[in-house]
Asks: 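Here it is, the structure, as structure tokens.
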Amino acid sequence: MARRPTIGIGGTPAHDAERAVELLREDLQFGWDHHDADITDRRLGDDVMWGSPFGAALRGYDRLHGIHEELKQKSVGGDASHFEVVEWLTPAPGVAVAQIRRAALDERGAPLPASRDTDGAFSEMALYVLVERDGDWWVAAGQNTLISR
């Protein structure tokens, strides 16, 4: 059996990917804070693949952006959240894979306990795949998972 490889690379490609992941996190936070799907989605590729925490799968910016606009208007997930990069990996130059947690916050800014109830505030973990094209980083795919424990 072949030796198990280490997938992540370092150096400049990893530094560039880390910065791209942080910029995505900043956009997610700013978009949430301002209930603005345009900001939240500005790094999505036109042919983005997406999976919702409820098992839905779709492809394409226009479809996903329309859903995000509706969710923002309804404040689905709660009024306040905190986004944090949990882990990231650079498997190849120009590619980043990142886990970003969205923790729903109470009125004092403290994280709410995990819940399976999606009628109110709830938290999620998302896995993002980012790809660099012509100096810009784009989300090629994302998958949200409800944090229930």
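The model shown is predicted, which means the values in this text are computed figures rather than measured ones.
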Asks: Drop me the distance from Asp79's CG to Asp106's CG, to the nearest 0.5 angstrom.
Replies: 11.5 Å
Asks: Determine whether a donor-acceptor pair (N or O, by modelled atom type, separation under 3.5 Å) exists between the side chain of Glu84 and the backbone of Arg25.
Replies: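 Pair absent, no side-chain N/O of Glu84 close to backbone of Arg25.
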Asks: Just how far is it from atom CD1 of Ile147 to atom CD of Glu124, taken to the nearest 0.5 Å?
Replies: 8.0 Å
Asks: Give the minimum heavy-atom separation between His35 and Ser75, together with the two atoms involved.
Replies: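 Scanning both residues, the minimum pair turns out to be CE1-OG, 3.6 Å.
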Asks: Where is the tightest heavy-atom contact between Leu146 and Ser123, given as atom of each residue plus distance?
Replies: CD1-O, 3.6 Å
Asks: Could you tell me whether Arg116 sits above the aromatic face of Phe122, with NZ or CZ closer than 6.0 angstrom to the six-membered ring centre and within 45 degrees of the axis?
Replies: no
Asks: Taking all atoms of both residues into account, what is the closest heavy-atom pair of Val139 and Trp50, and its distance?
Replies: CG1-CZ3, 4.3 Å
Asks: Treating Ile, Leu, Val, Met, Phe, Trp and Tyr as nodes and any side-chain heavy-atom pair under 4.5 angstrom as an edge, say whether Trp137 and Val85 lie in one connected cluster.
Replies: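 Yes: a chain of side-chain contacts under 4.5 Å links Trp137 to Val85.
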Asks: Please answer: with hydrophobic residues joined when any side-chain heavy atoms are less than 4.5 Å apart, are Val48 and Leu58 in the same cluster?
Replies: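 Yes, same cluster.
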Asks: For the residue pair Tyr61 and Asp41, what are the closest heavy atoms and their distance?
Replies: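 That closest heavy-atom pairing would be CE1-O, 3.5 Å.
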Asks: Identify whether the distance between the nearest side-chain nitrogen and carboxylate oxygen of Glu22 and Arg19 falls below 4.0 Å.
Replies: no
Asks: Applying the 4.5 Å side-chain criterion to the ILVMFWY set and letting contacts propagate, would Phe83 and Val76 be lumped into a single cluster?
Replies: yes
Asks: Atom CD of Glu18 and atom CG of Leu89: how far apart are they, to the nearest 0.5 Å?
Replies: 12.0 Å
Asks: Of the non-hydrogen atoms in Ala96 and Val21, which two are nearest, and what is the gap between them?
Replies: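 Looking at all heavy atoms of both residues, the shortest contact is CB-CG2, 4.0 Å.
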Asks: Could you tell me the separation between the CG atom of Leu44 and the CG atom of Leu24, rounded to the nearest 0.5 Å?
Replies: 8.5 Å
Asks: Output the distance between atom CZ (Phe54) and atom CG (Asn144), rounded to the nearest 0.5 Å.
Replies: 9.0 Å
Asks: For Trp138 and Gly45, which heavy atoms make the closest approach, and how far apart are they?
Replies: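 Of all heavy-atom pairs spanning Trp138 and Gly45, the closest is CE3-N, 4.2 Å.
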Asks: Would you compute the distance between atom OH of Tyr128 and atom CD1 of Ile100 and round it to the nearest 0.5 angstrom?
Replies: 5.5 Å
Asks: Any side-chain heavy-atom pair from Met125 and Val86 closer than 4.5 angstrom?
Replies: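 Yes, close enough: below the 4.5 Å cut-off.
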Asks: Donor-acceptor check, side chain of Glu26 to backbone of Leu28, threshold 3.5 angstrom: yes or no?
Replies: no
Asks: Is a side-chain donor or acceptor of Glu69 paired with a backbone partner of Ala37 at a separation under 3.5 angstrom?
Replies: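 Not confirmed, Glu69 side chain does not pair with Ala37 backbone.
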Asks: Is the shortest heavy-atom distance from the side chain of Glu87 to the side chain of Val97 under 4.5 Å?
Replies: no
Asks: Are any non-hydrogen side-chain atoms of Ile67 and Glu70 less than 4.5 angstrom apart?
Replies: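 No, side chains not in contact.
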Asks: Could you walk me through whether His68 and Leu71 satisfy the side-chain contact (heavy atoms from CB on, under 4.5 Å) test, starting with their C-alpha distance in whole Å, then the side-chain angles of each, then the deciding distance to 0.1 Å, before giving a yes or no?
Replies: CA-CA 5 Å; His68 283 170; Leu71 294 175; 4.3 Å; yes
Asks: Does some side-chain heavy atom of Lys72 sit less than 4.5 Å from a side-chain heavy atom of Trp32?
Replies: yes
